[in-house]
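Below: the structure, in structure tokens.
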Amino acid sequence: MIRSFMLTFLLCGALSFAQEVKIIPQPVQVITNTGNFVINSQTKLVVANNDDKATAAFLNKYLADYYGFELPIVKKLTKNSIEFKSLNTIGGLKSEGYSLKSDNKGVVISGNSPIGTFYGMQTLIQLLPVEKSNNLKIASVDVKDEPRFAYRGAMLDVGRHFFPVSFVKKYIDYLALHKMNYFHWHLTEDQGWRIEIKKYPKLTEVGSNRNGSIVGRYPGKGSDNTPETGFYTQEEVKDIVKYASDRFITVIPEIEMPGHSSAAIAAYPMLSCFPNEKTAIPDNMISEKSKQELANGRVKLVQETWGVFTDVYAPTEYTFNFLEDVLDEVMALFPSKYIHVGGDESPKDAWKRSEFCQQLIKEKGLKDEHGLQSYFIQRMEKYINKNGRTLIGWDEILEGGLAPNAIVMSWRGEAGGIAAAKENHQVIMTPGSHVYLDHSQTKNEKEVTIGGFTNLEKIYGYEPIPKELNEEQAKYVLGAQGNVWTEYMPNPAKVEYMIFPRLSALSEVLWSPKENKNWSDFQTKIEIMKKRYGIWGANYFKETE
Ligand code: ACM
């Protein structure tokens, strides 16, 4: 009895001066001191300027949403406070860097810029207990931190399945909670065009509606005969871009070309090399409605199955005008320096069969259809550059010659990224082998996923700088990105199941110094993080194997 009392006493004592600190992503430096600070209803958030006020308000919203109380925001320094101080110069840290100090008197977050202060606030969130309470104990710590990579991204494919604005915002919140800073929004696909373009209303009237999807994993068990529809109005896009920007996240729009363009072609068949050829959807996959429509004379359909399709944009003046018009509206909506034009998986079959394309290849002195793809992308790059932006494309844009200022997203492994960095082009690493979040997380996956297997340990172990690059070349690697292709993610719960806990591992790959990563520690930390997913009401993958 006495011994057990003693043990409890000792344990509680130990806890009171050495509270566990489990921060994801792991900071550059964490010193844990004895004692702690208790956030209670008397605690004040002290801010110096409007940027810090916005960051304090973000913390307040988090406290309100997940702990059920808010704190007053004041300008004058008081006792029992959490102080936010931007625009401090913290020796040796990047502009996104910050320091966070907590002791029994309070917390001080000093950012090298408002972004740094925002990240410091995210670290404070990681120090909050995972149990709801009115007295939140924060460990005494001394944190100094900054990101390893400038580009810390995640992509969401809203073409295969449409997700409401509310979930897009939630996804952006998830990125912010992991100190990620780029949201790559994959807006157009064979199976759906999801952004309102005022000059081409049929893109959404026709292109955002498909009549059905295959049931189960490809080739599937027939059509579900259920429409999948939806698009974002320009007002909604503006709202999302602002929402992200308030969280220091840049939204990169992707408008796919020349492939993955069936939905646009369904809306404007003249974009195809063969406007009068019917869209091919196998009999065992097509919906009843589409079958009927084809029988009644409809020619082009929004695709209803997954994969790569041969009906791609024709490299005509009509298409280039169309794409320039679309990009005009896109660039007006997205202030991002980067504009993504896809460029992946564009079969050359139609271009080989097309007299126009063959003539164009001759006329321009191009080698072949790959040269024509390069011509296509380079032409779009000129337009994008003329508008002061930089083009990003998937690694296929290397084939036939890289556009002069393009950034390569290396997805078919790292070879494309290595080649591009060696040509002094900037690179974002997104290899399917390590950062595709549509792969299974376990060999015993019961949910439908796409073939690959990428468990938590594999993504955690990813190193974005390939060893083939020397120090100079390595500087061209801006960072890395996780990709969420949604063929088999029909709803937000499935997206959450696929991203968590892997997104947390990716955030540490992107943020933390290589030497601070530790798989064994991460396994302990992720168990606490899973409790945070629980607080957020987020679904996540729960098995350990
Ligand atoms: C891709 O996964 N097709 C970029």
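Just the heavy atoms: all of them, side chains too, but no hydrogens, waters or symmetry mates, feed the values below. Order of appearance sets the numbers: ligands from 1, and atoms from 1 within every ligand. Residue numbers start at 1 and run along the sequence shown.
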(Q) Between Ser440 (side chain only) and Lys443 (backbone N and O only), is there a donor and an acceptor less than 3.5 Å apart? (A)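 Not at all, since once roles are kept as given, no pair shorter than 3.5 Å links the two residues.
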
What atoms of ligand 1 come closer than 4.0 angstrom to any heavy atom of [X]?
X: Trp411; value: 1 (C), 2 (O), 3 (N), 4 (C)
X: Trp485; value: 1 (C), 2 (O), 4 (C)
X: Trp394; value: 4 (C)
X: Glu345; value: 3 (N)

(Q) For atom 2 (O) of ligand 1, what's the nearest protein heavy-atom neighbour? Residue, atom name and distance, please. (A) Tyr436 OH, 2.6 Å

Q) Tell me: protein heavy atom nearest atom 3 (N) of ligand 1, and distance? A)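 Of every protein heavy atom, Asp344 OD2, 2.6 Å lies nearest to atom 3 (N) of ligand 1.
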
Q | Intermediate values then yes/no, ring pair (Phe, Tyr, Trp, His ring centres under 6.0 Å), Phe500 and Phe541 | A | CA-CA 6 Å; Phe500 292 134; Phe541 172 75; over 10 Å; no

(Q) Taking the ring of Trp394 and the ring of His184, is the distance between their centroids below 6.0 Å? (A) yes

Q. Name the one of His178, Lys525, Gln26 that satisfies side chain to side chain donor-acceptor pair (under 3.5 Å) with Glu508?
A.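 Answer to the side chain to side chain donor-acceptor pair (under 3.5 Å) test with Glu508 among His178, Lys525, Gln26: Lys525.
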
(Q) For the 3.5 Å polar cut-off, considering only N or O atoms, please tell me whether His260 and ligand 1 meet it. (A) no

**Q.** ring pair (Phe, Tyr, Trp, His ring centres under 6.0 Å), paired with Tyr232, selected from Phe334, Phe162, Phe167
**A.**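 Among Phe334, Phe162, Phe167, the one that satisfies the ring pair (Phe, Tyr, Trp, His ring centres under 6.0 Å) with Tyr232 is Phe162.
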
Q: Carefully, step by step, assess Arg412 and Glu399 under the rule salt bridge (Lys or Arg N to Asp or Glu O under 4.0 Å).
A: CA-CA 13 Å; Arg412 295 174 301 176; Glu399 291 161 11; 3.0 Å; yes

